[in-house]
K.L.:
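Dumping the structure here so I can ask a few things about it.
All values below come from the heavy atoms of this structure, side chains included, with hydrogens, waters and symmetry mates left out.
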Amino acid sequence: MSRPSRPSRPSRRTVTTGTLITAALAAGLLTAPTADATGTSGTSGATGTRIHDIQGTTRLSPLAGKQVSEVPGVVTAIRSFGSARGFWFQDPRPDGDDATSEAVFVYTGPTTPSVTVGDAVLVSGTVTEYYPGGESAGLQSVTELTKATWTVASSGNALPAAFTLNAKTLPESYAPSNRGGSIEKLPLRPGRYALDRFESLEGMRVAVRDAPVTGATSSHKDLWVTADPRHHRTARGGVLYGSYADPNAGRVKVTSLLPFAQRPFPVANVGDQLTGVTAGPLDYDNYGGYALQATELGTLADRGLKRETTRKQRTGELAVATYNVENLAPQNPQTKFDRLASALVTNLASPDIVALEEVQDDSGAKNDGTVGAGATLKKLTDAVAKAGGPRYEWRQIDPVDGKDGGQPGGNIRTAFLFNPARVSFTDAKGGDSTTAVKVVRDHGRAALSASPGRVDPANEAWENSRKPLAGQFTFRGERVFVIANHFNSKGGDQGLDSRFQPPARTSEVQRGKQSKAVNTFVKQLLAADRKAKVIVAGDLNDYQFSPALTTLTSGGVLTDLVGLLPAKERYGYVYQGNSQVLDHILTSPAMNGRNGARGKAGKSGKRTDYDIVHINAEFADQASDHDPQVLRWTP
């Protein structure tokens, strides 16, 4: 993990043999006939400071900022890489209080500590509370010893038994509540809350057995597993995030302390399994909360997860897809364009209309004033044609430089691809980055004043965020309005594992305003023509149960099609081991039949068929971090 610079003066001290042996025997660290392998029996411990005294019964050490001397324990793991090196040591003689951890990390900075796993040590140093990412990040702190010195009493000692994480030892309730305030000073209740259980095990050896993978291996060489295999599983082996009340307490991140040359980190997809035992100290970092730092890795069992392919639309069906292509720019490798093209042609069966998100300008992340994206879109559409797909045309509006958020210099925007052999685009001049598109009447029906046009771009809701792109299409004589969206991200929200509970979701405020703006525009279309066919699609960066989606669908003007799917299939993005919904396709009442949107023909003969096509989010090898979606609609 990344840490701010701070002094560290680790060393190994030398004392007389007699003094060292006496202290070690008193602490129960030397192998003796009266002690068992776990240290739960034998002679009584020393009267000095023990690790459980340092850790205490809350998230903050009662000894923070103080010096401690000759704290006994056995070295259980060493971090010998990066700028945050050090070792964990654990007291083999616990105090019997579930709330107090028996292990702590000794931080040695960029210096590899001169200890070996199995060493019985006496450590002196300063008790420190370290906040990954800085205290303002809102994460929990890690209790450590810094400016440490230590002595080694003996080597080759048995390690304390690992605490097994499973459905019996992890409560289903995730976190205590303090009305959004810090929970740091609340007494730990590890039998009631999973976050308290994890904190009570901070630094200690923990283990998972035969653990299903719920978050694929990332570029950081980590993955997520669940220690509760029966809880909220998806149809393809993940863990479903279906409400704020239940963020799935059994999720644990797994990283490795083993040299990759000795034991390569497993490349796993969702649904695979780490068979056998995976064990190591329980750490906490700014890349995703509590993490099992493995000194023992289970064997990867490949469950053969396959990428999905949706069916091809029928002649009389309009197919509309949405796909976040993750900062697509001409500078990306050709392989990315080829994979996206293959997905559009093969996995999505060449949709008639595609709403794209995260299309960057022609210079990519280079901040040089470029705003046009013609080269980006040409490279993608050329790749589609080469892959055997249609010769897509595109429509988009260049943003004002630096005003739409995203990667600095990238000028990401939404864009339309469409197959002119199947649909026609109604071009109406007047659309630009700052002019709001209006709803007008045309031959008794709703129409757009500009196509493509931006929806309410001057609204403060779109500050430093992408503006919705509205386009007017015609399919088999039917006028169809498509609004492509990319709402503001969740950046700045407190994490599920935050020390503030319940965590604040501050980014929701802006998405709520964005939802209201789009909802208002859809109402204007329906006021002009109550039978208007409207599709709202894109990366809304929020869940189907969120306030933003409630606002977007208010008044019955839109139906979120994710509700058509069985509950176990409602996801298209995986974050910290949770399979969740961020992308959506919504439709107006005229597209849904008399009984609303459904997966089979309604009484009116209308048909709305919707599919989330799982090709990215569950896989270690991704062309994007989002799964695309497709709607098929019969007029």
Side-chain angles (χ1 to χ4, degrees), residues 10-55 68-80 85-96 100-108 112-125 143-145 148-164 201-207 256-259 262-263 277-283 292-297:
S11 67
R12 181 195 294 250
R13 288 190 291 124
T14 303
V15 297
T16 64
T17 303
T19 301
L20 187 58
I21 292 176
T22 299
L25 283 172
L29 294 178
L30 288 180
T31 304
T34 56
D36 66 14
T38 62
T40 56
S41 63
T43 60
S44 60
T47 58
T49 303
R50 308 294 287 245
I51 294 175
H52 49 251
D53 299 321
I54 296 172
Q55 290 283 11
V68 292
S69 300
E70 296 191 340
V71 181
V74 175
V75 176
T76 60
I78 302 167
R79 182 188 284 133
S80 58
R85 304 185 188 193
F87 65 90
W88 289 267
F89 75 119
Q90 183 168 335
D91 195 330
R93 303 179 66 81
D95 64 356
T100 58
S101 171
E102 299 293 343
V104 71
F105 183 68
V106 179
Y107 170 73
T108 63
T112 300
S114 54
V115 292
T116 303
V117 171
D119 283 352
V121 292
L122 298 170
V123 182
S124 301
T143 303
E144 300 178 338
L145 292 182
T149 61
W150 58 85
T151 56
V152 176
S154 65
S155 300
N157 294 280
L159 303 187
F163 182 96
T164 300
L201 297 169
E202 182 186 80
M204 292 178 61
R205 280 173 41 80
V206 300
S256 178
L257 295 172
L258 299 170
Q262 170 188 329
R263 179 70 190 277
V277 174
T278 298
L282 188 66
D283 194 20
L292 193 165
Q293 299 274 1
T295 56
E296 179 182 359
L297 266 173

K.L.:
Does S80 have any side chain to side chain contact (heavy atoms under 4.5 Å, CB included) partners at least two apart in sequence or in another chain, and if so, which?
P.N.:
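Per chain and number, S80 pairs via side chain to side chain contact (heavy atoms under 4.5 Å, CB included) with I78, T112.
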K.L.:
Taking all non-hydrogen atoms of both residues into account, name the closest pair between V68 and I54 and its distance.
P.N.:
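Closest approach of V68 to I54: CG2-CD1, 4.2 Å.
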K.L.:
Taking only residues two or more places apart in sequence, or in another chain, which ones meet T100 in a side chain to side chain donor-acceptor pair (under 3.5 Å)?
P.N.:
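Residues passing side chain to side chain donor-acceptor pair (under 3.5 Å) with T100: D95.
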K.L.:
Taking Q55 for the side chain and A103 for the main chain, is one N or O donor matched with an acceptor at less than 3.5 Å?
P.N.:
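It does hold such a pair.
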K.L.:
Is the backbone N or O of G73 less than 3.5 Å from a side-chain atom of D91, with the two atoms forming a donor-acceptor pair by type?
P.N.:
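Answer holds: no.
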K.L.:
Got a sec, which residues hit side chain to side chain donor-acceptor pair (under 3.5 Å) with T143, two or more places apart in sequence or on another chain?
P.N.:
E129
K.L.:
Any donor and acceptor pair, going by atom type alone, linking the side chain of Q90 with main-chain N or O of R205 inside 3.5 Å?
P.N.:
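Indeed, once roles are kept as given, a pair shorter than 3.5 Å links the two residues.
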K.L.:
So, do L297 and S256 sit near enough that their side-chain heavy atoms are less than 4.5 Å apart?
P.N.:
yes
K.L.:
To check you understand the geometry: which heavy-atom pair defines the closest contact between L292 and A279, and what is its length?
P.N.:
CD2-C, 3.6 Å
K.L.:
Tell me every residue that passes ring-ring contact (aromatic ring centres under 6.0 Å, His included) with F87, counting only those two or more places apart in sequence or in another chain.
P.N.:
W150
K.L.:
Can you name the side chain to side chain contact (heavy atoms under 4.5 Å, CB included) partners of A77, sequence neighbours left out?
P.N.:
W88, L257, P281, T295
K.L.:
Tell me every residue that passes side chain to side chain contact (heavy atoms under 4.5 Å, CB included) with S69, counting only those two or more places apart in sequence or in another chain.
P.N.:
S124
